[in-house]
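For reference, the structure is listed below as structure tokens.
Owing to the predicted nature of the structure, the values given are computational and were not obtained by experimental measurement.
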Amino acid sequence: MIIEACHIAQFGKWKDADFSFSPGKNSFLWDNGYGKTSFIYFFKLMFYGVSGDRKQDLEENERKHYMPFQGASFGGRIIFRIGEKRYRLERSFGLKKSEDSFRLFDEDSGKESKDYSENIGEELFSLDAESFQRVCMISHEDLHFSMNSRMHAKLGNVAEDQEDMKKFQQVQTILKDGINALSPNRRTGNIFKLKMQEEELSSGLYGKEALENAVLSIEKEVLALTEKEAKRKEEGKALEEELSQRISEKDSLGKWMSYAQKKEEWEKAEYRYENALKWYYQDRFSEIPEEKKTFLWKEEMQSLQEQIRSIKKEIEKVSEVGEENAGVEAEKEGGIVLPLEEASVPGASRAKKDTSKNETIGNGTKEMGQYGTSPVVLFALAGLGLLFVLLFFGKLFGMPLGLPSALFLLLGILSLSLCFFLWWSGEQKKRVWQEKQEEEENRQRKQQAIRFASLEELLSRFHKLEDMQDLEQEAVGRKEEFLRFVEEEGGEQAFSLLEEKQKEWEEGPSLEESRRKLEVFRKEEEERREEIRKKRAEREEKVRDLDFLEEQERLLAQKKEEREALEKRYNLLQKTKAYLEMAKERFALQYKEPILEAFQKYFQSICTEPLQFQMSEDLELSFVDRGLSREQGYLSEGLQDLCRFCQKLAIFDAMFREEKAFLLLDDPFSHLDEKNGARARALLEELAESRQIFYFTCSEERRA
């Protein structure tokens, strides 16, 4: 394949540039920044199109990288020859893939050709864009080399059936991922995880035997307690029968209990009444005759009622006179003074209080108004004075008024002075009137407070006498109830016989004692049941723990089965991977030796260093030093670049045995010394006889 010419419409910094090329070597001496790299990538993008549209990095997104700054479309055309047939390839690239275009013409006839599609690069070279860049584009910036499935397919002459090589790489990746996922040595491996789970489950099963023994021991304790409870039931029945008998005997003596209870209640009521008399009469109690003790306090109670009634009437009269002022004053102090009846029922006097308050305020306002000047007069005088003052200032500022300014000022001062004098004299009269009102209210308040204090004391004494009256009535009622009960039940003689039976009953075990024994027995029985319940709960808990351990044991067996199955699969994957590697090595032997021979030839033609090289199935180079294999990293940087350059030339020859592709060289000898660089450039002259080479450099010394 020979590229005859190209036209760059727009590409990077290039614009409207035309180039013609010879079949052999084409050298370009361009300074740094002239556009060598853009020119080289122009050929790649014309044959393969742009890539990396989804990449954000500018270096990886070829569309963004080579698009002109103004955002227009970019591309061009290439005229090339394959055998005797000439083609014209035209491509343009827009802002997005849908705007890209591809056309191929037969250059001699001018007609559009269908010999190749827009994937013309892969169809011509049997390489994808990445492989083409690795093999046909050799740059001093990146001489490193790595293989992929497409390159293996090309070298093994199976480029027409590339799916096998693609699948080989996919299978290798899948096998590697599968082995890593199952690895027994990696923490992320499933076999390793299962082993850890087995260890964890095994450690939890150490206490299973002890737990089983504990369950059996608790079961024996529960059986022993249950047997003991059954034996104690007979004792409980005996205690219940004894208590039932004592209750029956007590029920037969119910009349005696009622008799004793009613008699006791009467005696207690008499005792409370007598104590109330002692407390009321105090020291006089022993001096007053018995027949008068009951009548004196009743007479005193009637006397207190009359005194209370008299004081109430007196308070009501005083309240009617001073109610209005007292109500207003009470509002100021936060309380309201009411007559006795109204104080006991607040809601009943609310309407009366509000009416009195309004009338009092209205009368007070009218009376106070007699001592002051009308506000209308005061406002009129004040307004007149202000008007004269304004006229005074108006005259000063040039208003045409008939009177002198001093007269206006004098009239204004007189009006304001008269207004102030009238207001001040009215306020003095109001203050004197208010002081008199307050003195009168204080006097009435004191008199009413004295009456209320006296009434309070009388009411306290009266309430005590009312309590005594209640106690007297209770004692009389209890006595009448007791005598009526005795008469109904046959008199005192019947209760004397019941009293003898009561004494006999009391000599035996008491009802309370029988109840206490039964309660103690039942409490002990409940404690035993609670102990049995706790033991059973403990047993159930341990049984659950035992069930859990049995489940763990089942899981352990399941995990072991899973691990053994995964280990079989792991071993199978390892063997499969090993067999594929062997197959790959055998496949690589077809092209490894020719590539190594070509590499040795190119290397020795440039460098006189006596080095012996080895090559792996992935075409990784190493050299032999004193019988030991060494990586290229032990060589100098110049020798490393020379090895990589010669390796790429050898691979290029192996890939294109018949129809040679073109080589794009971007100053690959920049790290070589003068002698090696000269021999390398001489080698290019020989290579150019059988292939087309584009050689770019920025140095006059390295120009071939």
Side-chain angles (χ1 to χ4, degrees), residues 1-23 26-55 57-82 85-125 128-130 132-133 136-137 139 661-666 692-696 698:
M1 174 183 178
I2 301 298
I3 296 178
E4 297 181 350
C6 75
H7 170 76
I8 303 177
Q10 282 195 116
F11 194 87
K13 68 181 297 181
W14 292 98
K15 184 176 182 181
D16 292 331
D18 291 288
F19 297 91
S20 298
F21 309 109
S22 63
N26 297 270
S27 298
F28 300 91
L29 177 62
W30 290 344
D31 295 335
N32 290 329
Y34 193 84
K36 296 190 298 295
T37 303
S38 297
F39 189 79
I40 291 173
Y41 272 88
F42 169 77
F43 288 102
K44 177 194 170 187
L45 268 64
M46 289 296 292
F47 283 101
Y48 285 95
V50 297
S51 61
D53 281 346
R54 296 185 178 182
K55 303 289 186 181
D57 189 357
L58 186 62
E59 295 295 330
E60 297 179 359
N61 191 320
E62 294 176 342
R63 189 181 301 275
K64 291 182 180 179
H65 188 77
Y66 296 107
M67 181 179 289
F69 291 148
Q70 64 270 23
S73 62
F74 61 101
R77 67 175 178 270
I78 294 178
I79 299 174
F80 62 94
R81 174 168 51 84
I82 298 177
K85 195 166 186 179
R86 299 171 67 240
Y87 295 94
R88 183 172 76 253
L89 168 64
E90 296 182 357
R91 271 190 193 263
S92 65
F93 308 99
L95 295 175
K96 50 189 177 180
K97 187 173 180 62
S98 61
E99 299 177 2
D100 297 350
S101 67
F102 167 84
R103 300 185 72 185
L104 182 67
F105 296 91
D106 186 323
E107 179 64 14
D108 295 329
S109 64
K111 295 180 180 180
E112 191 168 354
S113 174
K114 300 297 183 180
D115 293 348
Y116 302 98
S117 67
E118 61 179 347
N119 296 322
I120 185 172
E122 296 187 12
E123 295 168 359
L124 283 174
F125 309 118
D128 57 8
E130 180 184 2
F132 176 84
Q133 183 174 342
C136 300
M137 298 170 61
S139 171
F662 56 91
L663 265 176
L664 298 168
L665 305 180
D666 184 7
Q692 188 178 28
I693 298 175
F694 296 88
Y695 176 72
F696 300 86
C698 61

- Task: For side chain to side chain contact (heavy atoms under 4.5 Å, CB included), just list the numbers for I78 and H7, CA-CA rounded to whole Å, side-chain angles, deciding distance to a tenth of an Å, and then say yes or no.
- Result: CA-CA 7 Å; I78 294 178; H7 170 76; over 6 Å; no
Do the side chains of [Y] and [X] get nearer than 4.5 Å, heavy atoms only?
X	Y	result
L664	K44	no
I3	Q692	yes
Y41	M137	yes
F102	I120	yes
Y87	E107	no
S38	W14	yes
L89	R103	no
R63	D100	yes

Test item: [X] side-chain N/O and [Y] main-chain N/O as donor-acceptor pair under 3.5 Å:
X	Y	answer
E4	R81	no
K13	G33	yes
R91	M46	yes
N26	F694	no
R88	G110	no
N119	E122	no
Q10	S73	yes

For [Y] together with [X], are the ring centres under 6.0 Å from each other?
X	Y	value
F662	F80	no
F47	F132	no
Y66	F74	no

- Which residues satisfy the side-chain hydrogen bond (donor to acceptor under 3.5 Å, both in side chains) test with S117, sequence neighbours excluded? E123
- Take C136 and F125 through the test side chain to side chain contact (heavy atoms under 4.5 Å, CB included) and record every step on the way to the result. CA-CA 10 Å; C136 300; F125 309 118; 5.8 Å; no
Rounded at 0.5 Å granularity, tell me how far [atom1] in [X] sits from [atom2] in [Y].
X	Y	atom1	atom2	result
E118	L104	CD	CG	12.0 Å
L29	F696	CG	CZ	11.5 Å
R86	S109	CZ	OG	11.0 Å
L45	H65	CG	NE2	10.0 Å

- Message: Run K97 and V50 through side chain to side chain contact (heavy atoms under 4.5 Å, CB included) and show every step you take.
- Response: CA-CA 9 Å; K97 187 173 180 62; V50 297; over 6 Å; no
- Aromatic plane relationship, F19 with F39 - under 30° parallel, 30 to 60° tilted, over 60° perpendicular: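 Ring orientation, 0 to 90° scale: perpendicular.
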- Give the ring-plane orientation class for Y34 versus W30, where under 30° counts as parallel, over 60° as perpendicular and anything between as tilted.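 Aromatic pair Y34/W30 classed tilted.
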- Electrostatic pair D106-K111, nearest N-O below 4.0 angstrom: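 So D106 does not pair with K111 through a salt bridge.
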- Task: Tell me, with the steps shown, if D115 and I82 meet side chain to side chain contact (heavy atoms under 4.5 Å, CB included).
- Result: CA-CA 12 Å; D115 293 348; I82 298 177; over 6 Å; no
- Query: With a cut-off of 6.0 Å (strictly less than), are more than 12 heavy atoms of other residues, nucleotides or ligands near CG of D18?
  - Reply: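 Buried by this count: over 12 neighbours within 6.0 Å.
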- Shortest non-hydrogen contact from Y48 to A129?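 Shortest heavy-atom contact: CE2-N, 3.5 Å.
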- Considering all heavy atoms of both residues, which atom of N32 and which atom of C698 are nearest to each other, and what is their separation?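 Heavy atoms of N32 and C698 come nearest at OD1-SG, 3.5 Å.
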